Amino acid sequence: MIIATTIAEVRAQVREWKQAGLTVGLVPTMGYLHEGHAKLIDQAISMCQRVVVSTFVNPTQFAPNEDLDSYPRDFDRDCALLRAHGCSMVFYPLVSEMYEPDAATYVEILSEMPKQLCGKTRPTHFRGVCTVVSKLFNIVTPDKAFFGQKDAQQLAIIRRMVRDMSYNIEIVGCPIVREEDGLAKSSRNTYLNTEERQAALILSKSIFLGQKLVAEGETNANKIIDAIVTNICTEPLARIDYVAVVDGITMMPVKKITDNVLVAMAVYIGKTRLIDNFIVEG
C-alpha cells in the first residue's frame, strides 16, 4: 500500500494508473477507521481496480465549539485495517497541504437543503464537507466515490454537488453498518463510557421502532416522529437534537411516508452527538 502525504504524490500515482487504463475509486474518511469504513473499502475494491482512501480530519467542517482537537486519531491502526482490506493508496495530508494559510474559497450549496437536519445546529458544517470533498475529487479524479448511508444528509448533498458541478464521478452509497447490539458504527462511539454506550442503544431501538411502524402501514410522518421521540425520551441520558422525516433527495420535510423518504435523528448521549436513520424504499 502506498502512503502519500502530498497532493503531487497522489496525482502522479493516479495519472500512472489511468494511463494504464485502470479505474480508480475514492473513499474519503476522517480516519480512526472501523468496520463501517471497511465495508466502504470492500465495496470500492469490488467495483474499482485501484482504491484511494483519504484519512484527513477536515477542520473546515468543525465549528469552534466542536470536537476537532479531540476527534480520535490513530494512523498506524488505520493503515493496518487498510492493508488488510486491500487499499491501494492512503492519502494522509497535513492541514497545510490541503489548505493554504490565506485560503478563502469554499464550495457551498445555497439552498435550503444543507440547512435541514444537522445543518440546523451545524450551519457551516456542509460548506466544509463540500469544500474538502470537492478538493479530494480534484486531487484524486476518481471514477467512483463511496460514502456511507449513516451520513444520509451528507450523501444527498454530495450527490447534489456532483450534479451541479458536473463532476464525472459516480457516487456510490453504502448501507449503515451496525454493532451486534444495533448501534450504528461511528468513530465517535469511542467517546462513550460504559453507561453511555448502553444508553446509546436508544437510537437504533428507535430506528427499528420507526421501521416497524412503517412496515405495519403507518404513513403519517408526525405519528412516526412522535413515536420515536417518545421512545428516545425513555432514556435519561439522551437529549434530542432532531428527529425528522424528509424527502430523501431534497432533505425537505414531508408529511406523508412514501418511497425514498428518510427518517433521521441526531441525539446527544451525554456530550456525544450520534446520528442514525433509515430510508423507506419501495
Side-chain angles (χ1 to χ4, degrees), residues 7 26-30 40 54 56-68 71 93 95-174 188 221 225 240-256 258-266 273-280:
I7 293 169
L26 170 66
V27 182
T29 82
M30 293 208 300
L40 291 176
S54 63
F56 177 64
V57 181
N58 174 42
T60 65
Q61 67 192 68
F62 289 81
N65 62 333
E66 292 180 342
D67 58 338
L68 173 61
Y71 195 86
V95 173
S96 58
E97 181 70 11
M98 290 295 285
Y99 295 105
E100 296 290 341
D102 60 347
T105 303
Y106 293 89
V107 178
E108 188 170 11
I109 294 178
L110 298 177
S111 73
E112 294 301 307
M113 188 180 189
K115 299 177 184 178
Q116 309 305 310
L117 306 182
C118 292
K120 289 184 176 181
T121 53
R122 307 184 75 190
T124 62
H125 174 68
F126 290 112
R127 182 180 74 169
V129 169
C130 286
T131 300
V132 75
V133 171
S134 182
K135 287 175 70 69
L136 289 168
F137 285 173
N138 286 331
I139 293 164
V140 180
T141 61
D143 299 288
K144 304 177 192 294
F146 298 79
F147 296 86
Q149 183 59 48
K150 182 172 74 72
D151 297 293
Q153 186 177 16
Q154 172 180 278
L155 176 57
I157 284 172
I158 288 168
R159 282 182 166 141
R160 177 63 56 86
M161 179 186 77
V162 165
R163 187 203 73 175
D164 290 354
M165 299 296 287
S166 303
Y167 277 113
N168 187 26
I169 299 170
E170 180 186 349
I171 302 301
V172 181
C174 300
R188 288 188 169 95
I225 292 170
I240 295 172
D241 183 352
Y242 68 79
V243 176
V245 179
V246 300
D247 182 278
I249 296 174
T250 68
M251 299 291 109
M252 298 304 293
V254 298
K255 295 181 179 180
K256 186 177 181 180
T258 58
D259 291 350
N260 203 33
V261 158
L262 172 70
V263 181
M265 65 177 66
R273 185 178 181 276
L274 302 175
I275 59 175
D276 206 340
N277 67 77
F278 71 93
I279 289 181
V280 179

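The model shown is predicted, which means the values in this text are computed figures rather than measured ones.
- Between atom NZ of residue Lys150 and atom CG of residue Asn277 there is a gap of 9.0 Å, rounded to the nearest 0.5 Å.
- Contacts of Glu108 classified as side chain to side chain donor-acceptor pair (under 3.5 Å), with partners at least two apart in sequence or in another chain: none.
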Quiz item: What do the steps show when you test Arg122 against Glu66 for side chain to side chain contact (heavy atoms under 4.5 Å, CB included), and what is the final call?
Solution: CA-CA 9 Å; Arg122 307 184 75 190; Glu66 292 180 342; 2.8 Å; yes
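- Rounding to the nearest 0.5 Å places CZ of Phe147 at 12.0 Å from CD1 of Ile157.
- The backbone N or O of Phe56 sits nowhere less than 3.5 Å from a side-chain atom of Ser54 that would complete a donor-acceptor pair.
- For the pair Gln61 (side chain) and Phe126 (backbone), a donor-acceptor distance under 3.5 Å is absent.
- The CG atom of Leu117 sits 13.0 Å away from atom CD of Gln154, with the distance rounded to the nearest 0.5 Å.
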Quiz item: Between Tyr71 and Met30, is a side chain to side chain contact (heavy atoms under 4.5 Å, CB included) present by the stated rule, with each step listed?
Solution: CA-CA 9 Å; Tyr71 195 86; Met30 293 208 300; 3.7 Å; yes
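- Take Ile249 and apply the side-chain contact (heavy atoms from CB on, under 4.5 Å) test, not counting sequence neighbours, and it matches Arg160, Asp247, Asn260.
- For the atom pair Gln116 CD and Tyr242 OH, the distance stands at 10.5 Å (nearest 0.5 Å).
- At distances below 3.5 Å, at least one donor-acceptor pair connects side-chain atoms of Glu97 with backbone N or O atoms of Ile7.
- Checked against side chain to side chain donor-acceptor pair (under 3.5 Å), Ser134 has the following partners two or more places apart in sequence or in another chain: Tyr167.
- Scanning all heavy atoms of the two residues, the minimum distance from Cys118 to Ile275 falls at SG-CG2, 4.2 Å.
- Atom-to-atom distance recorded for Met98:CE and Asn58:CG is 7.0 Å, nearest 0.5 angstrom.
- When only modelled atom types and interatomic distance are considered, Thr60 and Tyr99 share a side-chain donor-acceptor pair under 3.5 Å.
- Here the side chain of His125 pairs no donor or acceptor atom with the backbone of Gly119 at under 3.5 angstrom.
- Just one residue in the list Val133, Ile169, Asp151 forms a side chain to side chain contact (heavy atoms under 4.5 Å, CB included) with Ile158, and that residue is Val133.
- Taking 4.0 Å as the cut-off between side-chain N and carboxylate O, Asp241 and Arg273 count as a salt-bridged pair.
- Rounded to the nearest 0.5 Å, atoms CG (Leu262) and CZ (Phe278) are 8.5 Å apart.
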